[in-house]
Amino acid sequence: MKPSIPKGTRDFSPTEMVKRNYIFDTIKQVFQRYGYLPIETPAMENLQTLMGKYGEEGDKLIFKIIDSGDFIKNAKDSLGEGFNFASSGVISSHISEKALKYDLTVPFARYVVQHQHEITFPFKRYQIQPVWRADRPQKGRYREFYQCDADVIGSNSLVNEVELVQLIDDVFTKLNVPVLIKINNRKILSGIAEIIGEKEKIVTITVAIDKLDKIGVDGVNKELQENGVSDSAIEKLQPLISFQGSTLEKLNFLKQLLGNSEIGLKGIEEVEYIFKTVDSLGLNTAKTELDITLARGLNYYTGAIFEVKSNAGTFTSSICGGGRYDDLTGIFGLPNMSGVGISFGADRIYDVLNELNLFPESVAASTKLLFVTFGEAEQNYCLPLLAQARKAGINSEIYPDAGAKMKKQMGYADDKKIPFVVIVGSDEMLNGMLTLKNMTTGEQAKITIDSIIEELK
RNA sequence: GUGGCCAUAGUUCAGUUGGUUAGAAUAUCGGUUUGUGGUACCGAGGGUCGUGGGUUCGAGCCCCAUUGGCCACCCCA
């Protein structure tokens with residue numbers, strides 16, 4: 001049998017893990033600086049917890065876990081004798097009650113409701129875990145990937161939104177990636193749908209507008225028409241999607257256009273506050289932009305929405321995204337609990353850093369000292385010295401096979417990029433003067449174990 | 001869910017209009033050197049050419065199917 005792993009999943013080598021941990025550590029450090037604390041939730045959730053939260057497309061991409069035991073019998077019991085295997089869609093809900101989590105936000109909402117009596121609000125949590133999507137893999141898209149989420153729930157304040165923008169800026173400044181943070185507000189999109197008289201079609205309209213930079217104005221109009229949006233509504237939409245200008249000009253333009261929409265004006269007010277406050281505080285390296293064509297597919301967003309793209313390299317997909325959701329917890333029985341959060345896509349950030357060569361040269365050297373011996377007697381002599389070195393906090397190891405040739409042991413050190421080697425043979429054992437070799441310079445010296453520890457500490 | 005490209009050693013790839021025993025580089029292991037790595041030289045192992053079928057005297061090469069990979073659309077991190 002040929003060894004293989006499922007489509008869209010990957011193994012990570014030690015070198016890759018060192019790089020990945022660099023990203024995780026950087027993000028974690030910034031999260032903590034902003035007062036977020038970690039939680040973890042299971043890899044799987046009850047299917048009902050996840051279904052219906054991500055829109056029609058999203059629901060299709062949830063990995064369902066088949067029930068253990070005789071699921072055919074179970075399905076028969078609940079569906080009756082006459083059920084038809086051909087309609088797998090019908091039986092799937094009868095043979096699966098668990099699913100792999102699709103994102104971290106919905107399980108977080110479930111967590112908040114389930115643990116509401118242990119939580120002090122506003123609750124700020126971060127979470128770095130894998131999620132799974134049954135998407136078809138391609139560049140920057142995996143079926144198993146890590147999200148790094150920071151969310152605050154139980155606070156309506158726009159200060160949270162402002163802080164998240166700063167947090168994004170901090171993370172990418174530390175990682176040396178120049179980014180563009182696109183900001184919009186679902187309320188503005190609602191306002192637009194309202195004033196063009198197609199309130200019901202808001203999802204269709206936002207999805208179409210979102211594609212503007214890819215398919216152009218004509219493409220958007222065509223898609224709207226095909227989806228039953230009236231011609232007069234499309235006409236009213238034109239000035240909006242073709243408008244160019246600075247954030248300030250966009251805001252003024254929107255104020256005029258959405259003057260009759262209460263929700264639209266609310267959205268403008270929120271966006272204006274976020275931009276003004278962020279501007280007055282200043283950002284390190286990130287650029288911001290109001291993008292009224294930014295929609296985002298996840299159904300649960302109701303207020304501000306964010307999307308972050310790299311400004312350098314060929315990687316154009318978003319590497320971070322988020323927004324405000326007013327009622328994710330309502331469905332689990334805890335209404336009026338607004339939250340806002342963002343999610344960093346660690347795997348895509350990895351791809352960006354790799355392409356731009358932005359990983360630091362020597363991220364965390366592993367072993368610092370290797371004991372090379374010539375036989376069992378030497379090995380026995382070295383074991384206590386090895387323990388002594390470890391106790392002193394020096395990452396060290398001994399070549400485990402006592403009889404191995406020196407060339408082999410040295411090669412091992414070289415391959416693992418171990419900077420120092422201690423060579424111990426009969427001479428060394430006689431007087432305790434060990435041979436310490438610096439693998440970078442090739443220099444050797446006779447020296448005691450205590451001096452070695454002192455030097456490498 | 002729709003479309004395009006690809007599949008030969010652990011890895012990256014050669015392989016002539018279809019013709020004998022499928023090659024190289026690199027990695028691995030061994031040796032030159034049983035107290036010295038990163039260099040050099042020599043040698044070894046490693047492939048039912050993704051899988052199944054077809055055409056042919058003969059298929060790694062042509063045809064069909066299937067699986068897997070990459071990429072684009074959709075959607076998204």
Side-chain angles (χ1 to χ4, degrees), chain A residues 2-11 13 23 27 54-62 89 102-105 128-149 168 203 206-208 210-211 214-215 219 223 294-299 301 305-310 314-323 341-352 370 372-375 378 399 403-429 434-444:
Chain A
K2 268 199 173 171
S4 67
I5 53 176
K7 188 199 282 268
T9 64
R10 297 151 299 155
D11 289 323
S13 67
I23 295 172
I27 292 174
Y54 307 107
E56 208 180 313
E57 286 294 321
D59 283 358
K60 275 193 257 175
L61 302 178
I62 294 173
Y102 180 87
D103 73 350
L104 301 179
T105 311
I128 298 181
Q129 289 193 262
V131 301
W132 293 268
R133 295 185 186 177
D135 232 330
R136 201 184 269 203
Q138 55 181 273
K139 190 177 181 187
R141 174 181 296 179
Y142 310 99
R143 286 186 149 186
E144 177 185 63
F145 61 97
Y146 270 74
Q147 290 196 327
C148 314
D149 277 37
I168 294 169
V203 175
T206 52
V207 167
D210 191 40
K211 294 179 195 161
K214 273 183 188 162
I215 61 179
E223 180 157 335
L294 174 65
R296 296 186 59 75
L298 293 175
N299 268 3
Y301 292 124
I305 41 185
F306 307 104
E307 185 163 292
V308 182
K309 289 180 176 187
S310 166
T314 61
F315 212 88
T316 51
S317 348
S318 63
I319 51 179
C320 176
I342 42 137
S343 177
F344 291 84
D347 304 80
R348 287 184 175 178
I349 294 173
Y350 181 100
D351 291 342
V352 170
L370 176 75
V372 168
T373 63
F374 293 101
E378 287 88 344
Y399 197 86
K405 285 180 182 158
M406 193 151 192
K407 182 184 169 78
K408 178 123 182 143
Q409 302 193 45
M410 296 300 283
Y412 177 82
D414 191 53
D415 194 55
K416 267 188 101 171
K417 302 205 172 5
I418 299 174
F420 292 96
V421 164
V422 180
I423 300 163
V424 179
S426 43
D427 286 1
E428 284 84 354
M429 284 199 291
L434 313 179
T435 303
L436 178 70
K437 174 159 180 152
N438 180 329
M439 292 296 278
T440 343
T441 63
E443 284 169 31
Q444 280 183 208

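When reading the values below, keep in mind they use all heavy atoms of this one structure, side chains included, and skip hydrogens, waters and symmetry mates.
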Inset, instruction - Ignoring backbone atoms, test whether A/Lys139 places a side-chain nitrogen or oxygen under 4.0 Å from the OP1 or OP2 oxygen of B/rC70. - result: no
Legend entry - Any A/Lys408 side-chain N or O less than 4.0 Å from OP1/OP2 of B/rC29: yes
Legend entry - Check: B/rC76 base within 3.5 Å donor-acceptor of A/Arg133 side chain: no
Inset, instruction - Report the residues that fulfil ring pair (Phe, Tyr, Trp, His ring centres under 6.0 Å) with A/Phe420, sequence neighbours left out, ordered by chain and then residue number. - result: none
Legend entry - Side-chain donor/acceptor of A/Gln444 to base of B/rU36, under 3.5 Å: yes
Inset, instruction - Rounded off to whole Å, could you give me the CD-to-P distance for the A/Gln129 and B/rA77 pair? - result: 17 Å
Inset, instruction - Would you indicate, yes or no, if B/rA72 has its OP1 or OP2 atom less than 4.0 angstrom from a side-chain nitrogen or oxygen of A/Gln138? - result: yes
Legend entry - Interatomic distance at P, B/rA9 relative to B/rA24, whole Å: 14 Å
Legend entry - Distance-only donor-acceptor test, A/Arg348 side-chain atoms vs B/rC76 base atoms, 3.5 Å: yes
Inset, instruction - Can you sort out the partners of A/Tyr146 under ring pair (Phe, Tyr, Trp, His ring centres under 6.0 Å), two or more places apart, ordered by chain and number? - result: A/Phe24
Inset, instruction - For RNA chain B, list all stems, counting runs of three or more consecutive pairs where every pair is Watson-Crick or G-U wobble with both distances under 3.5 Å. - result: B:1-7 with B:67-73, B:10-13 with B:23-26, B:28-32 with B:40-44, B:50-54 with B:62-66
Legend entry - Test side-chain contact (heavy atoms from CB on, under 4.5 Å) applied to A/Lys416 - qualifying residues, sequence neighbours left out: A/Thr367, A/Glu397, A/Tyr412, A/Ile418
Inset, instruction - Calculate the interatomic distance between A/Tyr399 atom OH and B/rU34 atom P; express it in whole Å. - result: 17 Å
Inset, instruction - Could you list the residues that satisfy side-chain contact (heavy atoms from CB on, under 4.5 Å) with A/Ser317, not counting sequence neighbours? - result: A/Phe315, A/Arg348
Legend entry - Side-chain donor/acceptor of A/Gln409 to backbone N/O of A/Thr373, under 3.5 Å: yes
Inset, instruction - Using the test side-chain hydrogen bond (donor to acceptor under 3.5 Å, both in side chains), find all partners of A/Asp59 that sit at least two apart in sequence or belong to another chain. - result: none
Legend entry - Donor/acceptor link under 3.5 angstrom from A/Lys407 side chain onto base of B/rU36: no
Inset, instruction - Look at the side chain of A/Glu428 against the base of B/rG35 and say whether a donor-acceptor pair falls under 3.5 Å; ignore hydrogens and angles. - result: yes
Legend entry - Toward the 5' end of RNA chain B, by each residue's nearest nucleotide, A/Leu61 or A/Asp414: A/Asp414
